[in-house]
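Below, all heavy atoms of this structure are taken into account, side chains as well, without hydrogens, waters or symmetry copies.
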Amino acid sequence: MADLKKRTLLLSSGKQIKLFGSSIAIAKSLEIGEGLAPNIFSCINDQTDPKPTATVSNPYKLTMEEIMELADYNIQLWMDLKANIRKYGLNNSKIFN
C-alpha cells in the first residue's frame with residue numbers, strides 16, 4: 001500500500017515520488033496532483049511555545065457531517081478513477097471525466 005513520508009510518496013513497487021508539499025489530491029476530472037494548501041481542515045503546530053501545541057484549523061466551521069461528506073466525495077472520486085482505469089486502461093483519455 002502507498003505511504004507518504006517526508007514529502008515522498010512511497011509505492012509498494014518501490015517507486016518513490018518526491019512532492020513539493022505533503023499531500024496528494026484528486027480533481028473532479030479524476031486528474032491527480034499535489035494538494036498544496038491545507039486550507040479547509042488542518043492541524044496547526046505552534047512551535048513558538050516552549051511546549052509545542054497543536055490546534056485544529058477549521059476556517060469554514062465545517063460540522064462533523066460536512067467533513068464526512070467531503071471525505072465521502074473524495075473517496076468516490078478515487079473509486080471512480082479505479083473503475084475507469086480497470087475499464088479503459090492507463091493510456092485512454094476516457095479515464096478522465
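Side-chain contact check for L4 versus L19: some heavy-atom pair is nearer than 4.5 Å. The side-chain heavy atoms of L30 and I26, taken from C-beta on, include a pair separated by under 4.5 Å.
For the residue pair M1 and S12, the shortest heavy atom distance occurs at N-CB, 3.8 Å. E66 and K61 make their closest contact through OE1-O, 4.0 Å (heavy atoms, listed as atom of the first residue, atom of the second, distance). The minimum heavy-atom distance linking N39 with Y60 is given by the pair O-CE1, 3.7 Å. For the residue pair L77 and A27, the shortest heavy atom distance occurs at CD1-O, 4.0 Å. Closest of all the heavy-atom pairs between L9 and A2 is CD1-CB, 4.3 Å.
A distance of 9.5 Å separates CD1 in I75 from CE in M68, rounded to the nearest 0.5 Å. In this structure, the separation between OG on S22 and CG on L36 is 8.5 Å, given to the nearest 0.5 Å. Considering NZ of K18 and CD of E34, their distance stands at 11.5 Å, rounded to 0.5 Å.
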Check: residues 83-97 side-chain donor-acceptor pairs under 3.5 Å, at least two apart:
{"residue": "N84", "atom": "ND2", "partner": "I95", "partner atom": "O", "Å": "2.7"}
{"residue": "N92", "atom": "OD1", "partner": "K94", "partner atom": "N", "Å": "2.9"}
{"residue": "N97", "atom": "ND2", "partner": "K28", "partner atom": "O", "Å": "3.2"}

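Linking ILVMFWY side-chain heavy atoms closer than 4.5 Å, directly or via other members, places I32 and Y73 in a single hydrophobic cluster. Hydrophobic clustering of Ile, Leu, Val, Met, Phe, Trp and Tyr side chains at less than 4.5 Å, counting indirect connections, unites I24 with I17. Under the 4.5 Å side-chain heavy-atom criterion for grouping Ile, Leu, Val, Met, Phe, Trp and Tyr, I67 is connected to V56 within one hydrophobic cluster.
Looking at S57, its side chain never comes within 3.5 Å of a backbone N or O of I44 through a donor-acceptor pair.
Judged by distance alone, the side chains of D80 and Q76 do bring a donor and an acceptor atom under 3.5 Å apart.
By the 6.0 Å contact criterion, CD on E69 is open, its count of non-hydrogen atoms from other residues, nucleotides or ligands being 12 or less.
S29 is linked by a side chain to side chain donor-acceptor pair (under 3.5 Å) to E31, counting only residues two or more places apart in sequence or in another chain. Among residues two or more places apart in sequence or in another chain, the side-chain contact (heavy atoms from CB on, under 4.5 Å) test is passed with N45 by C43, Q47, A54.
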